[in-house]
2 protein chains.
Amino acid sequence: MSAPTLTSSARNRLLDVGARATPAREHVLEILLAATRALSHQEIEAAARKQGFNFDRVTLYRVLDWLVTQQLAHKIEGQDRVWRFNAITVTSTEHGHAHFHCTRCGQVFCLEQLEPSFAVTLPAGFRFEKAELTIQGICPSCATD
Amino acid sequence: MSAPTLTSSARNRLLDVGARATPAREHVLEILLAATRALSHQEIEAAARKQGFNFDRVTLYRVLDWLVTQQLAHKIEGQDRVWRFNAITVTSTEHGHAHFHCTRCGQVFCLEQLEPSFAVTLPAGFRFEKAELTIQGICPSCATD
DNA sequence: TATTTTATGCAACCGAGTTGCACGTCGACC
DNA sequence: GGTCGACGTGCAACTCGGTTGCATAAAATA
């Protein structure tokens, strides 16, 4: 899973969907690809700034939305009314998804690899589309404190 | 919609926790108990207004928060960055919970009766606390349209 | 009744996300 | 190569759910 360089990978992904690989899109996707967890727009902005790349708040929102519609990223609703994003690396089934939410530091981790198996029988009349499993607990870095 | 049982029930619940049964708390809890689904603060406010009972936005927020801390209600984070509340009727295990979110009308139903059974093995270092299962789909009233 | 505690109302605020519009930039087409 | 149109970005102002601080009202306690 060792991509040649993250930048080219991000760029390739952008070109794959036949879209303009603008600096903003490249930077954001690169940041998402490099992250081990789901990032809020603030964290993304901070990361970009640290790389010396500044852009408008609104641009970031639009880029993120665009990445989601292009199926390049994934939007997660957190417990704190903040959306978090992570890059889609594997072609997920999109029928189930698990997230881990640390109750101490608030970080959200995307557990892509594990497909939750649950047995639910919905009441009559409800039509199933997909399920999201959110697990709350303590993340590794908080647990060691 | 003045069901005598509901009011007294709401009042009893309030007195059970040894707290003041103020009009605001009574009305809100009553509304929550009468609802078949999780209500947003707006819906609660509208319902109260319809009963001729008006109170401040802030009061509602505080009452709801208070109900949650008293374990009389339950706070649900929706996909639309809005909190929804429903009365806790059965003593739930609080170790798992399932919600149904209608992707068409946005309503949230609390599936208290069904304890989701899922098999998840967290990556090393993650400590489990509790899980919330959110199921997306179409609710009965939307399905018939 | 006087005092303390608790609940409510009001106004101002915060912060995430959105909208509208102007400007810049890129690609296409003649 | 120059012009045009489409698309991306920046800026400012806005919406809206939720919060905070403080003054006042209503219970509880004495």
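Throughout, protein chains are lettered first and strands after them, A, B, ... in sequence-line order, and every chain is numbered starting at 1.
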* Decide if the gap between the ring center of B:Phe128 and the ring center of B:Phe126 is smaller than 6.0 angstrom. => no
* Think B:Tyr61 has a side-chain N or O under 4.0 angstrom from the OP1 or OP2 of D:dT19? -> no
* **B:His41-B:Tyr61 aromatic ring centre distance below 6.0 Å** => yes
* To do: Rounded to the nearest angstrom, tell me the gap between atom CZ in A:Phe53 and atom C1' in D:dT9.
  => 10 Å
* Residue closer to the 5' end of DNA chain C, B:Val58 versus B:Ala24 (nearest nucleotide) -> B:Ala24
* To do: Please report, rounded to the nearest Å, how far the P atom of C:dT25 is from the CZ atom of A:Arg25.
  => 16 Å
* Are B:Arg81 and D:dC16 close enough that a side-chain N or O sits under 4.0 Å from OP1 or OP2? -> no
* Salt bridge between B:Glu43 and B:Arg37, side-chain N to carboxylate O under 4.0 Å? -> yes
* **Any A:Thr59 side-chain N or O less than 4.0 Å from OP1/OP2 of D:dG10** => yes
* Asked: Between D:dG8 and A:Arg62, is there an OP1 or OP2 to side-chain N/O distance shorter than 4.0 Å?
  -> no
* **B:Gln42, nearest nucleotide to its side chain (from C:dC10, C:dA16, D:dG17)** => D:dG17
* To do: Rounded off to whole Å, could you give me the CD1-to-C1' distance for the A:Ile44 and C:dG17 pair?
  => 14 Å
* Asked: In whole Å, what is the span from the CH2 atom of B:Trp66 to the P atom of D:dG18?
  -> 20 Å
* Asked: Which sits closer to the 5' end of DNA chain C, A:Arg20 or A:His41, going by the nucleotide each is nearest to?
  -> A:His41
* To do: List the steps and the verdict of side chain to side chain contact (heavy atoms under 4.5 Å, CB included) for B:Ile138 and A:Glu129.
  => CA-CA 7 Å; B:Ile138 310 291; A:Glu129 271 177 4; 3.5 Å; yes
* To do: Send over the distance from B:Asp56 CG to C:dA12 P, rounded to a whole Å.
  => 13 Å
* Mind calculating the distance between CG (B:Leu15) and C1' (D:dA28) to the nearest angstrom? => 14 Å
* Asked: About how many Å separate NE2 of B:His101 and CD of B:Gln136, when rounded to the nearest 0.5 Å?
  -> 6.5 Å
* Please confirm whether any donor atom in the side chain of B:Arg57 sits under 3.5 Å from an acceptor in the base of D:dG18, or the reverse. => yes
* Length of the CG-P vector between A:Asn54 and D:dG10, whole Å -> 9 Å
* To do: Output yes when at least one side-chain N/O atom of A:Thr22 is less than 4.0 Å from OP1 or OP2 of D:dT9, else no.
  => yes
* Would you mind reading off the distance between B:Glu43 atom CD and D:dG17 atom P, rounded to a whole angstrom? => 11 Å
